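Beneath this line is the structure, given in structure tokens, with notes to follow.
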Amino acid sequence: MSTRKPMDLLTLQSACKRDPEGYEEDFALQLRHYEALRALFAMKPSRDHKEFSELVSFIAHVSVVYKEQTKGFSKGVVEVLERHYAILDPHLRKNLTSALILLRNKGVIGVEVTLPLFFKLFRVKDKNLRVLMFRHIVSDAKAANKKRTDDKYNRTVQSFLHTAIKDENEATAKKALAVLTEMYRRNIWTDAKTVNLVVEACKHPSQKILIAALKFFEGQDEAAEAAAEAGDGSDSDDDPSTRESEIKSRTQVSKEDVFKAYKTGVASSKKKKQKKLKRTIKTMQRKERNADKAIDSRFAAMQLINDPQAFAELLFGKLQVGHMSYDTKMLCILMMCRIIGMHQLIMLNVYPFLQRYIQPSQLEVTRLLAAAATACHELVPPDALAPMLRQLVNQFIHDRARPEIAAVGLNAVREICARCPLVMDEDLLQDLTQYKKSRDKPVSNAARGLIALFREIAPGLLDKKDRGKAADMSRTLKGFGEAEVVDRIDGVDLLQRDILKRKREEEAVEMSSEEEYSDEDEDEDEDNEEEEEEDEEEEEDADEEEEDEVEPPAIGKRGRESDEEASIDPDAPPPKIRKNGKLSLAELKRRHKAMMQRRKEEEEAEARAEQEAEEAELGGPVEQERILTDEDFKRIKALKTERQLNAALSKAGAMKASNVATDHIRLMLRKADRASDRRVNPDSLAATGLKKAHDKASRLATVLAGREDNEYGASSARKQKKTGGSSNKEKDKKKALPLAARVFAATRRRNAPVQRGKQQRGRKVWKS
């Protein structure tokens, strides 16, 4: 029999971990004690069994050491929680749950055991317990996918969450949705299956779950746009060397740091510096990996929906049924319109539904107009959008509308036409452009924005004075359903010409180097040939003198006329000659026009020949010969940007883009390329140029701030704060006047008329 002194459970726990075999009998004693207390607990489970709770925690900690003795321990704890979770004492219930979490972290039990039980416990009204279980579920999934993606674990958990989302209990379904959204936010699960599980949550009858799911999509959409804008702030994608320099600047590791760590100081200080340098490099590499992951998952979650048509129809059905608050209805409208615009869905019954809400008195009308513009795209028939556009123009844009309302209407029209320009007709456009003459700055700015849009897409619809100097009248609107068939990658021809250009430059450099070598060889022969060249030059000078003696042919008006006549087409009508023998003005104009036409044809023929020669030199399509790499696509992107800059700057009469293009212009062009794919920001529809009046709270704060240390305050307050002598007014009252002045003042006061009734204050209008 053991003569060891009894010890508390914490000491026994540490002793069992240090020496499992030596304390095996003590553990067996505690295990039998646990079985006895469990039988007592089963009689009255609602009581607070403190000793039983401590024994459960002790056995959970040492279960890894004594695996054979604790085989049925986890099963017993799970049975206790499943049977009596609703009536258990909160402290005991939390300890039993913590024991199961500990067993799961040690790998004693699997996730298929703990997950159903925890979602059952989510129904308990115990906030601390729910927070504990939620954090464990998220951290467990993060740990499972830390080193590599655990597909088996993910399939098990996602299958259970798919069932939990459909649970009729609101708390269970809400927590399942919270787990999914948290996994996506932490970049643990960013696949299409997770997103479509959130779509399934929108089918739940609970309105709170619908709101949570829609806010997830709205937040991910905004986060994706913010990440894209942040990523466009630098052009490091186009230049690998720039990206390497950025990484070096982010890591803050320079050559001086490396030199100091390995070459300066004594041995002990070198070790410290080297360790610090390695820690810095590891930290920055980890940040770089996280940044790359964030960039890869930029795109919105709505792009991963398997069946966007069914999802949009589901939201539209909920809007038609009703029984929702206004905020929920607005959220459904925003998400439905965003999905229609992103996936270019055809839902013609949506636009008459939105038309009912297009009026200036509507609450949050800018958000509604932004949603309506987002739902427009090229595949929607113009006839379906025409009534909504007409309603917008009639309600917002008229002479009696306030400036901010008219500006919002014009901005909304511009966004709709940017996505579906066929909806605008020429008469309506010319009427709207007349608002550029408005005295109100917001209205004129919005009208000029509409003019600028149609200058780019269809300048022929504008008046001649609104088209601008460099209007390209060849640009017209495509018909409905008309599309360009592309047989090559967009911009690959620019890449092919750029490769040819570089090849020619390399050949020119080689030719110049060969000429230099040949020039060195020819220097020796030049000395011998100098005498012969001098003799030849003397002979040429003599020949030129003889030629100068010959009379040149007369070049005058008749000479020019003869040249022109020689160049005239023989099929042309006979020339019109005046009485004095000279050609008429009409004939001169006709001949000049014919000459310019011939020059133009010659230039076109030369350009056509050069193009054919270049195409022959280019050969076949480069994408058919090899697979394009990432560097090729980055180069294509840069060349397309440069081409757009050249076109824009040459139109304005500026220099080449390579000389005047800045990073800011490149950033603006990149954002413009993706403008049609993004949602319409409601703030961009608001009127610009208005000085917004302060509300009551801000005006009151301004008044109170102005009262502090105000020298023009109340007279009583000024007298109380006064610390100096008397004022000038007080001194004038005590001033000693001459006798005549005192008599005159007294007489004037005595003869003054008596005012009856209300006393008049301020300046006196009567004369004495």
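Scope of the values below: all heavy atoms of this structure, side chains included, with no hydrogens, waters or symmetry mates. Sequence positions, counted from 1, serve as the residue numbers for this chain. Not measured: the values here are computed from a predicted model.
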Side-chain donor-acceptor pairs of residues 378-396 under 3.5 Å, sequence neighbours excluded:
unit_1, atom_1, unit_2, atom_2, d
Q391, NE2, I358, O, 3.3
N394, ND2, R390, O, 3.2

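- Side chain of N196 to main chain of N306: a donor-acceptor pair is present (N/O by atom type, distance under 3.5 Å, no hydrogens or angles).
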Derivation of the side chain to side chain contact (heavy atoms under 4.5 Å, CB included) call for Q362 and L368: CA-CA 9 Å; Q362 180 65 40; L368 188 70; 4.2 Å; yes
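- Shortest non-hydrogen contact noted between V138 and M183 is CA-CE, 3.8 Å.
- Between Y184 and F216, the ring planes are perpendicular. Angles over 60° get that label, and only those under 30° would be called parallel.
- A donor-acceptor pair is defined here as one N or O able to donate and one able to accept, closer than 3.5 Å; no such pair exists between the side chain of N411 and the backbone of V408.
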Return a table of donor-acceptor pairs under 3.5 angstrom between the side chains of residues 172-181 and protein atoms on other chains or two or more places apart.
unit_1, atom_1, unit_2, atom_2, d
T172, OG1, R123, NE, 3.3
T172, OG1, N169, OD1, 3.4
T181, OG1, L177, O, 3.1
T181, OG1, A178, O, 3.0

Trace of the salt bridge (Lys or Arg N to Asp or Glu O under 4.0 Å) decision for D466 with R455: CA-CA 8 Å; D466 295 333; R455 278 181 180 177; 5.6 Å; no
Full working for ring pair (Phe, Tyr, Trp, His ring centres under 6.0 Å) between F134 and F122: CA-CA 9 Å; F134 180 77; F122 275 134; 7.2 Å; no
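- At a threshold of 4.5 Å between non-hydrogen side-chain atoms, the residues I397 and V413 count as touching.
- Partners of R185 according to the salt bridge (Lys or Arg N to Asp or Glu O under 4.0 Å) rule, which considers only residues two or more places apart in sequence or in another chain, are E182.
- Considering only residues two or more places apart in sequence or on other chains, N145 meets the side chain to side chain contact (heavy atoms under 4.5 Å, CB included) condition with T149, D150, Y153, N154, I188, W189.
- Remark: side-chain polar atoms of T194 are not paired, donor with acceptor, to backbone N or O of T190 under 3.5 angstrom.
- With S159 contributing its side chain and R155 its backbone, the two residues share a donor-acceptor pair below 3.5 Å.
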Derivation of the side chain to side chain contact (heavy atoms under 4.5 Å, CB included) call for H162 and K166: CA-CA 7 Å; H162 183 266; K166 298 180 180 180; 3.1 Å; yes
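- Within the structure, the salt bridge (Lys or Arg N to Asp or Glu O under 4.0 Å) test picks out the following pairs touching residues 191-208 (sequence neighbours left out): E200-K203.
- With R414 contributing its side chain and L453 its backbone, the two residues share no donor-acceptor pair below 3.5 Å.
- Within the 3.5 Å criterion, the main-chain N or O of Q430 finds a donor-acceptor partner in the side chain of T433.
- One N or O on the side chain of S444 and one on the backbone of K441 form a donor-acceptor pair closer than 3.5 Å.
- Looking at H343, its side chain never comes within 3.5 Å of a backbone N or O of L345 through a donor-acceptor pair.
- Between C332 and L210 the shortest heavy-atom distance is SG-CD2, 4.1 Å.
- Distance alone, capped at 3.5 Å, is enough to place a donor-acceptor pair between the H204 side chain and the D167 backbone.
- Residues I340 and H377 share a closest heavy-atom pair of O-CD2, 3.7 Å.
- Shown here are the salt bridge (Lys or Arg N to Asp or Glu O under 4.0 Å) partners of R448, two or more places apart in sequence or in another chain: there are none.
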